[in-house]
Amino acid sequence: HPPRTGMERYDLIVIGGGSGGSASAKRAAEYGAKVAIIERGHSYDANGVRQGAGFGGTCVNVGCVPKKLMFNAAMQRESMLGSVSTAEGYGYQVPASAGTFDWAKVKEKRDAYVARLNTGYKGGWEKAGCTVIQGLAAFSGPNDITVTTADGGTRTLTAEKICIACGGKPAVPSIPGAEYGISSDGFFDLATQPKKAVVIGAGYIAVEMAGILHGLGTESHLAFRGKTVLRRGFDPFIVETLMAHMQDHGPVLHPNSDPKSITKDASTGLMTVEFKSGETVEGCDCVLFATGRKPVTDTLNLDAANVATDRGYITVDEYEATSAPGIFAIGDATTTGYELTPVAIAAGRRLGDRLFGGMPEARIEYNTIATVVFSHPPIGMIGLTEPDAKKEFGDDCISTKYARFPSMLYAFNEDGHKVKTGLKLVLKMPEERIVGLHCIGPFSDEMMQGFAVAVRMGATRFDFEASVAIHPTIGEEFVTFGGWGQVKDEGGKRKPYMPPYLLKKKGDGLLKTVITLAAGVVVGFVLAKAASARR
């Protein structure tokens, strides 16, 4: 429709300057589209609760990036002090003072690092040719957006294509005293290190936060409703390994603990967390809720554009299309189920390719996506868990290979003070295609990316074993599991199998023979026909 007076017209409007929105905007601009990207920035409400993540989104400001820096800091301290420290075993004399952590100094450096990334994001959009608008966006019609800008003014925009990439925010339970706690966002605002903290939640954010605090020397408690953490989406073998480590070397665990209330002592400022079981944890100076996240769609006025939602999440199809023509959504605010930065980036880029790059079938495929958890020790995984694989293919069609052991990193630690590594392959029989790969232990986060490529390409156990091991490494265990180079016949007797690369050569030789024979027949036919013509 023709724009109204004062309305700015674009080819694409992107709402949200996080990972997905940024990727979509820049990719579309690269193809010559006129793009506006709207980012609200961040502020604090009257209760000191952060509103909006900021330029770069959750990952850059209050997620992956600052979390990984704090994880790194905790790992440094854990190598020097604690029940699984390794420094003294390797001959270093470590004074107790080595464990003193300068929280304020690290926070200052971390905040400066994030600020540079903020500047880089905004500069990257401008360099790509995008119009950058800071403010809060809302639909005022099917194709129209009204922005309340940071300076209090308003701007109205219209476009045939709109991408919603507004992300999510922490969800806090409605219990008495919840206002005394903080979320994972608030963790990065802490000016001083907590002395005693209770982290409430069972998901990966709760596990990461509790592990970081414990690693940095805080008396850390992790409370969760069920018997274990990571009850959804993680292989039982991995969860079992993590739970055993945390019970021996990690934060104090409080299973089957659902929070009932938080009270605060007016004189000391310390808090008491009471659980429905009647158990209490007293004397806390930090209570951190990691009890899930929810989409930031409540301010968008989606009804004005007839965009359908499910529990606040924007309903999308496999091409990120919403129920409204010309309106798309990517990232944490959608029903795709993947709240991961690289997923949002890939979805945003493919959306740009499809809408403005002349590739109508471009999209991300929402399966077999690798992820890691920066727990202590870290976890990596791709594909199906064993229960999910059996559910999909049937019990008789699934086999597993797994191992659990302390890596060489802990060779000089006494028994009982070694971090266990756990590795597992989930195999689809009879071809033994790897449909799930799971690992926990030192360097699992760094190992995962390479293995993810192989699994994504449909690798089998035979492909893994055809790759000569790198020794001594943890990763070599994945390619040297029991039965290397052998299979069992129907009677259970072991026999060798031909490596895939030799089978390929053998097949190539046969193909070459067939091609040569065919060529010979064709040439012979042509020569015979020519001779006949001469006669």
Side-chain angles (χ1 to χ4, degrees), residues 12-31 33 35-40 52-68 114 116-130 132 161-169 204-205 293 295-296 313-314 316-322 328-357 359 361-374 380-382 445-446 448-450 452-453 456:
L12 174 68
I13 297 171
V14 178
I15 302 173
S19 302
S22 176
S24 178
K26 290 171 70 174
R27 183 59 64 94
E30 287 172 0
Y31 296 128
V35 179
I37 182 167
I38 306 164
E39 166 54 44
R40 69 184 294 183
F55 286 78
T58 296
C59 178
V60 167
N61 296 280
V62 287
C64 329
V65 172
K67 180 266 303 288
K68 182 65 181 290
V114 169
R116 289 194 295 272
L117 294 178
N118 295 151
T119 302
Y121 264 81
K122 186 172 183 292
W125 302 332
E126 292 171 341
K127 184 177 180 180
C130 301
V132 181
K161 302 289 189 296
I162 297 174
C163 173
I164 305 170
C166 56
K169 64 180 180 180
Y204 75 91
I205 296 175
R293 294 178 65 81
V296 187
Y313 292 91
I314 299 171
V316 294
D317 64 12
E318 61 184 356
Y319 289 96
E320 287 80 41
T322 71
F328 305 85
I330 58 176
D332 294 5
T334 71
T335 53
T336 56
Y338 283 91
E339 297 183 12
L340 299 170
T341 293
V343 171
I345 292 172
R349 287 173 176 168
R350 290 308 184 197
L351 180 63
D353 292 339
R354 186 168 72 253
L355 298 182
F356 301 102
M359 188 177 287
E361 299 303 314
R363 65 180 178 88
I364 180 177
E365 193 173 48
Y366 288 99
N367 61 54
T368 320
I369 292 172
T371 188
V372 302
V373 178
F374 291 103
M381 61 172 288
I382 183 172
D445 47 334
E446 296 294 344
M448 180 50 55
Q449 189 69 76
V453 173
R456 195 77 176 81

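If you're wondering where the values come from, they're calculated on a predicted model, not measured in any experiment.
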Review point. Rounded to the nearest 0.5 Å, how far does NZ of Lys161 lie from OG of Ser24?
Key: 12.0 Å
Point to revise | salt bridge (Lys or Arg N to Asp or Glu O under 4.0 Å) against Glu318, all qualifying residues, sequence neighbours excluded | key: Arg363
Study note, to complete from the structure: With sequence neighbours left out, the residues meeting side chain to side chain donor-acceptor pair (under 3.5 Å) with Lys122 are Glu126
Study note, to complete from the structure: Of all heavy-atom pairs linking Cys64 and Cys59, the shortest is SG-SG, 2.7 Å
Exercise for review: Can you measure from NZ (Lys67) to OH (Tyr204) and round to the nearest 0.5 angstrom?
Suggested key: 6.0 Å
Check your understanding: Any idea which heavy atoms bring Val372 and Gly380 closest together, and the distance?
Key -> CG1-CA, 4.0 Å
Review point. Can you name the nearest heavy-atom pair linking Ala25 to Cys130, along with the distance?
Key: O-SG, 3.8 Å
**Study point:** Least distance between heavy atoms, Tyr313 atom then Pro295 atom
**Key:** CZ-CD, 3.5 Å
Review point. Side chains of Phe328 and Arg354: does their closest heavy-atom pair fall under 4.5 Å?
Key: yes
Practice item. Would you check if Ile162 and Leu12 make a side-chain contact, meaning some heavy-atom pair closer than 4.5 Å? Key: no
Using distance only, find each side-chain donor-acceptor pair of residues 329-336 under 3.5 Å and give its atom names and separation, not counting sequence neighbours.
residue : atom : partner : partner atom : Å
Thr334  : OG1  : Gly331  : O            : 2.9
Thr334  : OG1  : Thr336  : N            : 3.4
Thr334  : OG1  : Thr336  : OG1          : 2.9
Thr335  : OG1  : Val316  : N            : 3.3

Review point. What pairs with Glu446 under side-chain contact (heavy atoms from CB on, under 4.5 Å), at least two apart in sequence or on another chain?
Key: Lys68
Check your understanding: Can you name the nearest heavy-atom pair linking Gly17 to Glu39, along with the distance?
Key -> N-OE1, 2.8 Å
Review point. Excluding sequence neighbours, so at least two apart, what forms ring-ring contact (aromatic ring centres under 6.0 Å, His included) with Phe374?
Key: Phe71
Exercise for review: Nearest 0.5 Å please: distance from the SG atom of Cys163 over to the CD1 atom of Ile37.
Suggested key: 9.0 Å
Review point. So, do Thr371 and Ile382 sit near enough that their side-chain heavy atoms are less than 4.5 Å apart?
Key: no
Practice item. Taking atom types as modelled, find out whether Tyr319 and Glu361 have a side-chain donor-acceptor pair closer than 3.5 angstrom. Key: yes
Review point. At what distance, to the nearest 0.5 angstrom, does CD1 of Ile314 lie from OG1 of Thr322?
Key: 7.5 Å
Sequence neighbours excluded and cut-off under 3.5 Å, please list the side-chain donor-acceptor pairs for residues 341-353, or say none.
residue : atom : partner : partner atom : Å
Arg350  : NH1  : Asp353  : OD2          : 3.0
Asp353  : OD1  : Arg27   : NH1          : 2.9
Asp353  : OD1  : Tyr31   : OH           : 2.6
Asp353  : OD2  : Arg27   : NH1          : 3.1

Exercise for review: Sequence neighbours left out, what passes ring-ring contact (aromatic ring centres under 6.0 Å, His included) with Phe55? Give chain and number order.
Suggested key: Trp125
**Study point:** Residues Lys26, Val14; criterion side-chain contact (heavy atoms from CB on, under 4.5 Å); working and verdict
**Key:** CA-CA 10 Å; Lys26 290 171 70 174; Val14 178; over 6 Å; no
Study note, to complete from the structure: Sequence neighbours excluded, the answer for salt bridge (Lys or Arg N to Asp or Glu O under 4.0 Å) partners of Lys169 is none
Review point. Going by heavy atoms in the side chains, are Glu339 and Arg293 under 4.5 Å from each other?
Key: yes
